[in-house]
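To keep things clear, I will list the structure first and then write my remarks on it.
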Amino acid sequence: YFTMKRVNGRTLREILRQIRRRDEATVRTYTRSRLLNAFKQVCLGVAYAHSRGVIHRDLKPSNIMFGDFGEVLIMDWGLAKILPRSLPGRVRSHRAGQSRWATRHGEVIGTPGYMPPELALGQLEDVDERADIYSLGAILYEIITLRPTYTGRDARTILKKMLKEPLIKPSERAPELDVPPDVEAICLKCLAKTIDQRYRSALELHDAIEAFLEGALERDRRRAQGQQALDEARAHGDQYQALTRRVDGLAGQIAQQRAALPPWAGVERRRELWAAEENLDAARRDRTEAYTRAVQTLRHAIEQDPDLAPAYEGLAQLYWQAFREAERSQDRGSELHAEALLRELLRIHPLPKFEQRLAGD
């Protein structure tokens with residue numbers, strides 16, 4: 001008999017299965033971000049083993065354990081291979097000198113769907129740390145698609161598909177999951193059938209995932225700031241529209257007052273008209289300020305999140321309204337300026353509705 005540490009927790013296989021079944025508690029707890037952070041820990045564990053000359057050769061979701069307190073453990077080293085290298089501090093084993101423990105050339109080692117082509121073909125002389133990189137890629141594939149790389153009715157079918165059929169890209173395998181392009185590229189590099197095209201080390205793979213996660217956090221922050229700016233712009237836009245209606249109303253009233261006022265009217269009769277004109281000037285100034293703030297905050301929203309479509313729509317609407325007002329007032333300079341701003345915006349982000357309006361058909 002032998003003694004091992006008891007580990008309480010759940011395997012990654014169980015977690016992914018519950019996510020596929022849409023178990024609410026599991027989906028809420030094990031988000032993609034959390035699973036990718038756990039995957040980083042797996043990469044570090046594998047990198048440490050590699051630094052000691054040990055290759056796992058059977059990495060798969062059922063061998064990744066999530067402990068009760070957030071620890072991530074790599075289990076089942078029964079198929080591990082100790083590389084014959086003279087490394088300081090590397091693992092040594094009595095198995096190296098006993099032929100009955102040696103893996104024979106041509107023998108298939110590992111689990112179909114997670115083993116690399118060189119292991120599936122029994123080409124043991126080609127097996128090094130990058131065999132585990134392939135297996136890590138297969139685990140990553142399942143994390144981001146909730147599906148294994150290859151499926152089949154038996155191990156032979158799976159191996160045949162892996163050796164002869166191209167891998168379906170994660171984004172095509174699970175389009176509903178919105179797989180990030182950067183993670184897909186990392187995954188496909190790990191799963192390259194040619195050994196030299198994979199990451200050179202598990203540490204390099206870890207760094208790639210970490211760079212993505214840091215970038216994702218920054219993108220989330222900028223997206224949130226863009227949404228906040230959009231909300232502020234909408235408030236300024238509503239104020240601008242309200243002041244536009246006020247300006248139009250005051251202008252109409254003043255026009256009526258002027259028409260009803262005879263040329264010989266005295267100062268007392270003109271005071272009411274002058275007060276209305278002052279109110280109109282103040283409303284126009286306020287409207288211009290609201291317009292400027294709306295435009296500035298919408299531009300800021302686009303700077304933070306270039307994919308924020310409502311910001312482009314809102315900005316185009318403001319430019320178009322400014323263009324129409326200048327056109328009505330026969331202010332040719334302002335009209336050309338607003339048109340130029342709108343055309344430049346449409347060049348960056350096409351909006352057919354406004355392109356048709358500018359065409360003037």
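- Using a 4.5 Å heavy-atom cutoff, the side chains of Leu16 and Leu35 are in contact.
- For Thr26 against Gln18, the heavy-atom pair with the smallest separation is OG1-CB, 3.5 Å.
- Taking OG1 from Thr145 and CD1 from Ile168, the interatomic distance works out to 10.0 Å, rounded to the nearest 0.5 Å.
- A tilted orientation is assigned to the rings of Tyr240 and Tyr291, their planes being inclined by 30° to 60°.
- The two atoms that bring Leu136 and Ala202 nearest to each other are CD1-CB, 4.3 Å, heavy atoms only.
- Closest approach of Ile302 and Ala311 over heavy atoms only: CG1-CB, 3.6 Å.
- Under 3.5 Å, the side chains of Gln225 and Arg221 contain a donor-acceptor pair of N or O atoms.
- Evaluation of the salt bridge (Lys or Arg N to Asp or Glu O under 4.0 Å) test over residues 151-177, restricted to residues two or more places apart or in two chains, returns Arg147-Glu176.
- The ring-ring contact (aromatic ring centres under 6.0 Å, His included) check on Tyr150 picks up nothing, with sequence neighbours excluded.
- Note that the CG atom of Asp305 and the CD atom of Gln228 stand 13.0 Å from one another [nearest 0.5 Å].
- Not counting sequence neighbours, Tyr319 has no partner by the ring-ring contact (aromatic ring centres under 6.0 Å, His included) test.
- In this structure the side chain of Lys60 reaches within 4.5 angstrom of the side chain of Asn63, judged on heavy atoms.
- Contact of the Pro170 side chain with the Glu184 side chain is registered, since non-hydrogen atoms from C-beta on lie closer than 4.5 Å.
- Neither side chain, Glu335 nor Gln330, offers a donor N or O lying under 3.5 Å from an acceptor on the other.
- Members clustered with Val267: Trp274, by chain and number, using a 4.5 Å side-chain heavy-atom cutoff among hydrophobic residues.
- Residues Trp77 and Met65 do not share a hydrophobic cluster, defined by chaining ILVMFWY side chains whose heavy atoms lie under 4.5 Å apart.
- The existence of a salt bridge linking Glu289 and Arg285 is excluded, since no basic side-chain nitrogen approaches an acidic carboxylate oxygen closer than 4.0 Å.
- By the neighbour-count criterion of 12 heavy atoms within 6.0 Å, atom CD of Glu218 is densely surrounded, having more than that number from other residues, nucleotides or ligands.
- To the nearest 0.5 Å, atom OH of residue Tyr114 and atom CG of residue Leu191 are 11.5 Å apart.
- In terms of modelled atom types and a separation under 3.5 Å, the side chain of Asn37 and the main chain of Ser33 share a donor-acceptor contact.
- In terms of modelled atom types and a separation under 3.5 Å, the side chain of His56 and the main chain of Gly78 share no donor-acceptor contact.
- Checking side-chain atoms of Asp132 against main-chain N and O of Arg57 turns up a donor-acceptor pair under 3.5 Å.
- Of all non-hydrogen atoms in Thr297 and Ala229, the two that sit nearest each other are O-CB, 3.6 Å.
- For the residue pair Tyr134 / Arg130, no side-chain donor-acceptor distance below 3.5 Å is found, with atom types taken as modelled.
- Atom NE2 of His349 has more than 12 heavy atoms from other residues, nucleotides or ligands within 6.0 Å.
- No donor-acceptor pair closer than 3.5 Å links the side chain of Asp76 to the backbone N or O of Asp58.
- Residues Leu36 and Phe212 form a side-chain contact, since some pair of their non-hydrogen atoms from C-beta on lies under 4.5 Å apart.
- Of the possible donor and acceptor atoms, one in the side chain of Ser329 sits under 3.5 Å from a partner among the backbone N and O of Ala326.
- Salt bridge absent: Arg284 and Asp286 never bring a charged side-chain N and a carboxylate O closer than 4.0 Å.
- Salt-bridge annotation for Arg343 and Glu339: present, with a side-chain N of the basic residue lying under 4.0 Å from a carboxylate O of the acidic one.
- Hydrophobic clustering (side-chain heavy atoms under 4.5 Å, transitive across Ile, Leu, Val, Met, Phe, Trp, Tyr) keeps Ile15 apart from Val7.
- Annotation: side chain of Pro117 is in contact with side chain of Met162 (closest heavy-atom distance under 4.5 Å).
- Clustering ILVMFWY residues whenever any of their side-chain heavy atoms sit less than 4.5 angstrom apart, transitively, puts Leu119 in a cluster other than the one holding Ile195.
- When side chains are defined from C-beta on, Tyr199 counts as touching Ile186, because their heavy atoms get closer than 4.5 Å.
- In terms of heavy-atom proximity, Thr149 sits nearest to Gly113 at OG1-O, 3.0 Å.
- Pairs of residues two or more places apart, or lying in two chains, that qualify as side chain to side chain donor-acceptor pair (under 3.5 Å) and include a residue from residues 246-265 are Gln257-Glu272, Arg258-Glu277.
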Item to check | side-chain contact (heavy atoms from CB on, under 4.5 Å) evaluation trace for Leu140 with Ile209 | outcome: CA-CA 10 Å; Leu140 179 60; Ile209 293 293; 4.1 Å; yes
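- Residue pairs that meet the salt bridge (Lys or Arg N to Asp or Glu O under 4.0 Å) test with at least one member in residues 222-238, sequence neighbours left out, are Asp220-Arg223, Asp231-Arg234.
- Salt-bridge check for Lys40 with Glu214: failed, with every basic side-chain N at 4.0 Å or more from each acidic carboxylate O.
- Salt bridge status for Arg17 with Glu14: absent, with no side-chain N to carboxylate O gap under 4.0 Å.
- Looking at heavy atoms from C-beta onward, Leu230 lies in side-chain contact with Pro310 at the 4.5 angstrom threshold.
- Among all heavy-atom pairs drawn from Met115 and Ala120, the shortest one is SD-CA, 3.5 Å.
- Using a cut-off of 4.0 Å between Lys/Arg side-chain N and Asp/Glu carboxylate O, Arg200 and Glu129 are scored as not salt-bridged.
- Under the 4.0 Å criterion applied to side-chain N and carboxylate O atoms, Glu325 and Arg287 are assigned as salt-bridge partners.
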